[in-house]
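A short write-up of the structure that comes next.
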Amino acid sequence: MSKSIETIAPLSTTIAALFSVLCSIGLSHFLQSRRERKERSVKEARVQAFYKLEHRRSVQTIPDDIPQGGKILTDIKIDEVVLWDVEHLGAHFSSEMNTKGFINHMVGRDYIAGPLPDNTSTFSLKNITASVNEKLPLDGDSGKTHYNKLIGLHECILADLVRKPGSTTRSKAYIRAGPRRELHFNPQTVSAAIVTCGGLCPGLNNVIREITCSLHFMYGIKGKVWGIRGGYKGFHDPAYEPVLLTPELVEDIHHQGGTVLRSSRGGFDLEKILAFIQNRGINQLYVIGGDGTHRGAFIIHEGCMEKGMNVAVAGIPKTIDNDIDCIDRSFGFASSVEAAQDAIICAKTEASCNLPNGIGIVKLMGRSAGFIAAHATLGSGDVDLCLVPEIPTVLNGEIGCLPHLFKRVKEKGFAVVVVAEGAGEEILGASTEIDESGNKKLPAIGLFMKKATEEYFKKNGESATVKYIDPSYMIRSVPANASDSLYCMQLAQNAVHGAMAGFTGFSVGLCNNKMVLLPIPQLVRTSPRIMDNRGRTW
């Protein structure tokens with residue numbers, strides 16, 4: 001009897017221990033399930049709040065309260081906004097999901113690291129339940145994330161910010177650039193092409209790099225990105241084979257000036273370009289160039305529409321002269337103005353160190369607009385005379401530039417002159433010759449001013465030592481500076497956002513310090529622009 005009791009005692013102890021373990025596991029499982037349900041509920045509420053916020057951004061109104069010390073102006077108001085609309089492929093083609101569009105989810109990876117952690121400001125796909133978005137293409141990738149700031153319907157940037165009493169109550173507005181909630185294209189099937197046309201400009205390689213990286217890293221496209229070599233000729237000339245652009249290939253090109261794709265003028269053949277696009281399965285085309293190149297891009301857009309091709313055509317405005325209208329400035333302009341300072345410094349050194357009557361003349365680019373010459377002059381502080389196309393050049397008389405130079409040399413011993421290449425046509429006459437882009441050839445205003453200055457001093461019984469410096473192509477072939485590099489990144493990323501959302505026939509630019517999408521016809525209609533000869537800059 002005592003032996004059986006001894007046998008039962010350890011058994012009961014074992015059962016009690018086992019029961020205790022099971023209770024502990026059950027309690028732990030219950031607490032774990034409750035915690036997971038609570039976390040799932042919180043995450044779902046966060047996502048619901050996210051989409052509600054995006055909806056409210058489209059219809060948000062200004063609060064009625066007026067800040068202390070403020071007042072309501074009754075003679076200044078806007079009661080009508082006219083939006084410069086951009087054509088959308090959704091009006092002609094359904095998205096590849098045969099629905100309104102894909103939900104926009106960004107890849108959420110940087111260049112090296114893995115997926116973003118859950119505590120970032122974006123929403124990871126693994127935190128979004130099917131009840132929120134049943135058609136969200138998860139594809140087993142928890143690293144893709146939602147953008148936390150998507151552009152809502154009718155978000156726009158007013159064009160004419162400066163208002164005066166008596167101004168019209170109608171305002172023009174541009175579509176605000178940025179990622180949209182819905183995509184027109186499936187990133188899995190996107191293939192793109194990039195082409196650079198016309199003259200060189202600092203930042204071209206930056207734009208190429210950022211378009212390529214944005215497509216791969218921000219949207220995770222599975223297709224190819226083709227680089228078209230040699231401008232529009234590269235679409236059909238067998239001597240210019242396209243190159244496959246990858247993030248690895250473009251990784252360091254932004255440190256170089258010029259364009260790795262090379263460039264050229266002319267060579268536009270619509271049918272051959274459209275055939276290339278069809279044969280390569282391209283559904284996004286990025287065209288980097290000036291107003292002439294943009295006119296060609298819009299013709300490509302119209303050709304795609306006529307042939308029923310579901311292709312987004314996006315432009316990135318490029319001009320060394322900063323003469324594309326509507327935008328605040330073109331990329332590369334700041335870098336060129338900075339590069340021009342070296343030439344002006346050299347001109348000052350030559351003028352101040354050479355006797356007698358040293359004068360340094362610097363010719364800068366500026367075919368029809370003197371923005372580079374004017375900004376380089378203002379940025380230098382050492383220039384005594386600046387000639388631009390917008391102001392007629394007067395050689396002699398009370399307001400003549402030659403008497404002014406003579407006076408400045410006598411006052412300080414030397415003088416520095418900056419002249420834009422397009423200045424002085426009223427003296428030298430306009431050329432009838434044109435290049436392949438349709439631009440007229442310009443007279444040699446710099447050399448003319450050198451000779452005229454020497455003759456004027458000789459006429460007044462003096463001799464002048466005039467040094468002529470022509471850095472024209474040097475200032476456009478330098479790499480982009482930090483400011484332009486950032487600008488190029490913004491332009492490229494927003495061009496990709498616009499194309500992925502389904503916009504087409506548009507260009508992207510900075511207007512009133514905000515990134516916007518501009519319809520190409522309106523952009524080129526008033527281009528090239530010129531500097532206001534009665535404005536604050538002049």
Side-chain angles (χ1 to χ4, degrees), residues 198-200 265-266 290-293 295 319-325 336 340 343-344 347 359-377 383-409 415-460 464 466-476 524-535 537-538:
L200 299 184
R265 300 185 185 277
D291 55 317
T293 300
R295 290 184 177 94
T319 167
I320 195 69
D321 294 339
N322 198 37
D323 59 355
I324 292 182
D325 205 8
S336 297
I344 295 175
I359 297 176
I361 299 177
V362 179
K363 190 195 83 172
L364 297 176
M365 306 193 84
R367 175 173 296 276
S368 58
F371 290 107
I372 290 181
H375 283 255
T377 295
V383 179
D384 300 284
L385 175 66
C386 178
L387 303 179
V388 296
E390 294 88 343
I391 306 294
T393 300
V394 179
L395 293 179
N396 298 290
E398 186 179 350
I399 60 170
C401 57
L402 295 178
H404 171 72
L405 272 180
F406 190 87
K407 179 174 178 287
R408 292 296 291 162
V409 170
V416 178
V417 180
V418 169
V419 54
E421 62 180 340
E425 279 193 339
E426 58 281 339
I427 297 174
L428 301 177
S431 174
T432 57
E433 296 183 67
I434 60 173
D435 60 21
E436 289 189 32
S437 295
N439 298 317
K440 62 183 178 181
K441 295 185 177 180
L442 301 171
I445 181 63
L447 292 173
F448 171 82
M449 283 301 300
K450 179 179 185 297
K451 182 179 179 181
T453 302
E454 291 170 338
E455 290 177 350
Y456 184 85
F457 271 75
K458 185 177 181 180
K459 180 181 176 182
N460 286 271
V466 184
K467 303 299 182 182
Y468 175 61
I469 300 175
D470 183 358
S472 295
Y473 295 100
M474 293 174 62
I475 70 170
R476 77 176 195 176
V524 302
R525 185 177 58 188
T526 53
S527 297
R529 69 179 172 191
I530 60 175
M531 185 173 58
D532 183 0
N533 58 16
R534 296 185 180 275
T537 298
W538 187 248

- Task: Begin from the C-alpha positions of I475 and L364 and carry the test side chain to side chain contact (heavy atoms under 4.5 Å, CB included) through to its verdict.
- Result: CA-CA 8 Å; I475 70 170; L364 297 176; 4.3 Å; yes
- Pair L405-T453, side chain to side chain contact (heavy atoms under 4.5 Å, CB included): steps then yes or no: CA-CA 8 Å; L405 272 180; T453 302; 4.0 Å; yes
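No side-chain donor-acceptor contact under 3.5 Å links E421 to the backbone of M365.
Atom-to-atom distance recorded for H404:NE2 and L395:CG is 13.5 Å, nearest 0.5 angstrom. From F371, atom CZ reaches atom CD1 of I320 across 13.5 Å, with rounding to the nearest 0.5 Å. The CD1 atom of I361 lies 10.5 Å from the CZ atom of F448; values are rounded to the nearest 0.5 Å. One distance of note links SG of C401 with CG of L385; it measures 5.5 Å at 0.5 Å rounding. Rounding to the nearest 0.5 Å places CG of L402 at 5.0 Å from CE of M449. Interatomic distance, NZ of K467 versus CD1 of I469, reported as 10.0 Å (0.5 Å rounding).
In terms of heavy-atom proximity, A369 sits nearest to D321 at CB-O, 4.3 Å. For G400 against P403, the heavy-atom pair with the smallest separation is O-CD, 3.4 Å. Across all their heavy atoms, S336 and R476 have their closest contact at OG-CA, 4.3 Å. Nearest approach of G290 to I324, heavy atoms of both residues: CA-CD1, 3.9 Å. Scanning all heavy atoms of the two residues, the minimum distance from C386 to T377 falls at SG-OG1, 3.5 Å. Heavy-atom minimum distance, V409 versus A415: CG2-CB, 3.8 Å.
The pair K363-D470 counts as a salt bridge, with a side-chain nitrogen and a carboxylate oxygen less than 4.0 angstrom apart. Under a 4.0 Å N-O distance rule, the pair E454/K450 qualifies as a salt bridge. Salt bridge absent: D323 and R529 never bring a charged side-chain N and a carboxylate O closer than 4.0 Å.
By the 30° and 60° cut-offs, the orientation of the rings of F406 relative to F457 is tilted.
Taking the side chain as every heavy atom from C-beta outward, E390 and W538 never approach each other to under 4.5 Å. Residues I445 and L428 form a side-chain contact, since some pair of their non-hydrogen atoms from C-beta on lies under 4.5 Å apart. Side-chain atoms of E425 and P443, non-hydrogen and from C-beta on, do get closer than 4.5 Å to each other. Side-chain atoms of S368 and P389, non-hydrogen and from C-beta on, never get closer than 4.5 Å to each other. Under the 4.5 Å side-chain criterion, counting only non-hydrogen atoms from C-beta, I372 is not in contact with N322. Using a 4.5 Å heavy-atom threshold, the side chains of V416 and R408 count as separate.
D291 and S527 share no donor-acceptor pair across their side chains, judged by distance under 3.5 Å alone.
Partner of I391 under the side chain to side chain contact (heavy atoms under 4.5 Å, CB included) criterion, out of L387, V388, V394: V388 alone.
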